[in-house]
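One structure is given here, and the rest of the page talks about it.
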Amino acid sequence: MTRFFLGAPVALLALASCAGAPSPGRGASPQVSPVVVPVLASASSTASARLSRKERVQRILPHNVRLQVVEGDSVRRSASGVVVGSEQGPEGVVAWVVTNAHAVVMSDVKAAELRVLVDRRSEVETHVGQVVAAGKVPELDLALVKVPGLALPAVELAEEAELELGEDVVVAASPFGRALSLSGGMVSQVEWDRESRRPKSVKTDAPIGYGASGGGVYSLESGRLLAIVEGYRTAQVDFAVREESYSFDVPMPGETFAAPSTKVRDFLHSKGFGHLLKDTLSGEGGVAHAAGR
């Protein structure tokens with residue numbers, strides 16, 4: 001236990017908190033002209049280099065929404081979400097949003113309504129969502145929300161090979177129920193499952209706050225979704241003033257935890273929504289036409 005002295009005894013205790021309540025091709029053969037290979041390679045890297053940091057971030061913004069569990073005129077819970085699918089059906093466009101299961105629990109709210117909001121500068125576009133699938137917390141803290149009438153592009157999920165330590169990331173979320181907020185950092189830890197040899201948890205040093213549950217962790221280089229924010233570690237600070245005891249939790253820097261894209265992909269397939277995912281290899285996707293939905 002670490003103690004700080006700010007005029008009164010202060011105790012710091014690390015806790016885990018939710019934030020709402022992760023092959024190169026073959027080289028050229030000897031017969032290929034040595035001039036051709038550098039040109040092709042440099043064309044790809046040059047195209048990427050031409051994008052400024054701001055332009056790379058702009059690719060990420062359209063995939064994000066904020067969510068509110070509302071009771072009457074009161075917001076009981078707020079969270080963030082990422083659009084992972086978009087379909088055009090007989091009744092119009094439908095967006096599919098992934099968020100945290102713990103953030104959209106409504107059993108404790110009377111006459112609950114799940115609102116999905118999109119901030120467009122000074123205007124707020126509001127839709128009503130419905131939870132259609134949810135995992136068991138804490139093993140699988142993911143949920144899928146159906147949002148009729150919401151037209152936003154679907155994100156591409158990153159492949160496992162992109163989950164490398166030091167990968168530059170941007171976290172897009174709506175902490176404290178406010179408009180979309182960005183924070184930057186890198187992939188600081190990847191926890192791998194020994195049996196499946198697949199990533200089961202990701203950590204980034206990008207800071208977040210309450211309400212960021214369900215936010216997206218994106219690769220700044222590719223713009224793809226690396227992970228979904230699940231929570232962050234906090235420090236419980238206790239202090240006394242005039243014989244009265246007080247305590248509060250503060251986020252610990254560098255301790256943001258997220259579910260990797262592998263877990264998101266498996267979740268959607270297990271719930272029968274694998275068809276929503278964009279094909280990251282061909283780059284195809286976007287709005288799919290739903291047959292008989």
Side-chain angles (χ1 to χ4, degrees), residues 14-20 22-24 44-64 66 79-84 98-100 141-142 155-176 178 180-194 197-235 249-266 278 280:
L15 300 173
S17 297
C18 67
S23 64
S44 175
S45 58
T46 302
S48 177
R50 280 200 298 264
L51 293 177
S52 67
R53 180 182 178 87
K54 179 179 178 181
E55 289 171 329
R56 294 184 183 190
V57 171
Q58 291 297 318
R59 297 180 300 169
I60 293 168
L61 300 182
H63 308 305
N64 305 279
R66 55 188 173 109
S80 307
V82 178
V83 177
V84 295
V98 164
T99 185
N100 284 161
D141 193 4
L142 294 172
V155 72
E156 290 186 16
L157 268 61
E159 300 297 326
E160 293 179 5
E162 292 185 56
L163 277 178
E164 293 287 347
L165 295 181
E167 175 81 13
D168 287 333
V169 302
V170 171
V171 176
S174 301
F176 305 102
R178 305 297 294 273
L180 186 66
S181 176
L182 303 175
S183 61
M186 64 179 178
V187 174
S188 56
Q189 184 183 66
V190 180
E191 185 176 350
W192 296 81
D193 185 271
R194 293 186 177 181
R197 297 181 180 274
R198 306 180 75 191
K200 63 178 183 179
S201 181
V202 177
K203 188 172 76 171
T204 173
D205 60 352
I208 61 170
Y210 175 88
S213 279
V217 181
Y218 297 88
S219 165
L220 184 59
E221 180 179 356
S222 69
R224 294 173 180 165
L225 183 72
L226 292 171
I228 292 288
V229 173
E230 290 183 307
Y232 54 87
R233 199 179 306 278
T234 64
D249 293 339
V250 295
M252 294 181 66
E255 296 291 324
T256 298
F257 298 91
S261 57
T262 295
K263 186 176 288 188
V264 177
R265 186 178 284 108
D266 290 347
K278 294 182 67 175
T280 59

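All of these numbers come straight from a predicted model, not from anything done at the bench. Counting from 1, the numbers follow the sequence of the chain as shown.
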CG (Asp168) and CZ (Arg53) are apart, to the nearest 0.5 Å, by 7.0 Å
>> If you define the side chain from C-beta out and look only at heavy atoms, does anything of Arg56 sit under 4.5 Å from Val170?
In response: no
Note: Ala173 and Gly215 closest approach over all heavy atoms is CB-CA, 4.0 Å
Nearest heavy-atom approach of Ala79 to Thr99 is CB-OG1, 4.2 Å
d(Lys263 NZ, Lys200 NZ) to nearest 0.5 Å is 8.5 Å
All heavy atoms of Val190 vs all of Pro199, minimum pair found to be CG1-CB, 4.0 Å
Separation between NZ (Lys203) and CE (Met186), nearest 0.5 Å, reads 10.0 Å
Could you go step by step and tell me if Val171 and Ser183 meet the side-chain contact (heavy atoms from CB on, under 4.5 Å) rule? CA-CA 5 Å; Val171 176; Ser183 61; 3.6 Å; yes
Tightest non-hydrogen contact, residues Arg194 and Arg197, listed as O-CG, 3.9 Å
| request: Indicate yes or no: at least one non-hydrogen side-chain atom of Asn64 is less than 4.5 angstrom from one of Tyr218. | output: yes
One should read off an interatomic distance between Leu220 CG and Ile60 CD1, to the nearest 0.5 angstrom, of 6.0 Å
Across all chains, not counting sequence neighbours, the side chain to side chain donor-acceptor pair (under 3.5 Å) partners of Ser222 are Glu162, Ser219
Between Val82 and Gly214, the two heavy atoms sitting closest are CG2-O, 3.8 Å
When rounded to the nearest 0.5 Å, the distance separating CD of Glu159 from CZ of Arg224 is 6.5 Å
Would you say the side-chain atoms of Glu167 pair up with the backbone N or O of Glu164, donor to acceptor, closer than 3.5 Å? no
Take Asn100 and Glu230 through the side-chain contact (heavy atoms from CB on, under 4.5 Å) test and state the conclusion after the steps. CA-CA 7 Å; Asn100 284 161; Glu230 290 183 307; 4.1 Å; yes
- Task: Examine distances only and state if a side-chain atom of Ser80 and a backbone atom of Ser174 form a donor-acceptor pair shorter than 3.5 Å.
- Result: yes
Distance col, row Leu157:CG vs Thr262:OG1, nearest 0.5 angstrom, shows 8.5 Å
task = Please examine the side chains of Val202 and Leu226, heavy atoms only from C-beta on, and report whether any two atoms are closer than 4.5 Å.
result = no
- Where the side chain of Thr256 meets the backbone of Ala206, is there a donor-acceptor pair that is under 3.5 Å apart? yes
So do the side chains of Leu182 and Leu61 get within less than 4.5 Å of each other, counting heavy atoms only? yes
Those residues at least two apart in sequence (or on a different chain) that pass salt bridge (Lys or Arg N to Asp or Glu O under 4.0 Å) with Arg198 are Glu160, Asp266
Handout entry: Derivation and outcome, side-chain contact (heavy atoms from CB on, under 4.5 Å), residues Arg66 and Leu180
Key = CA-CA 7 Å; Arg66 55 188 173 109; Leu180 186 66; over 6 Å; no
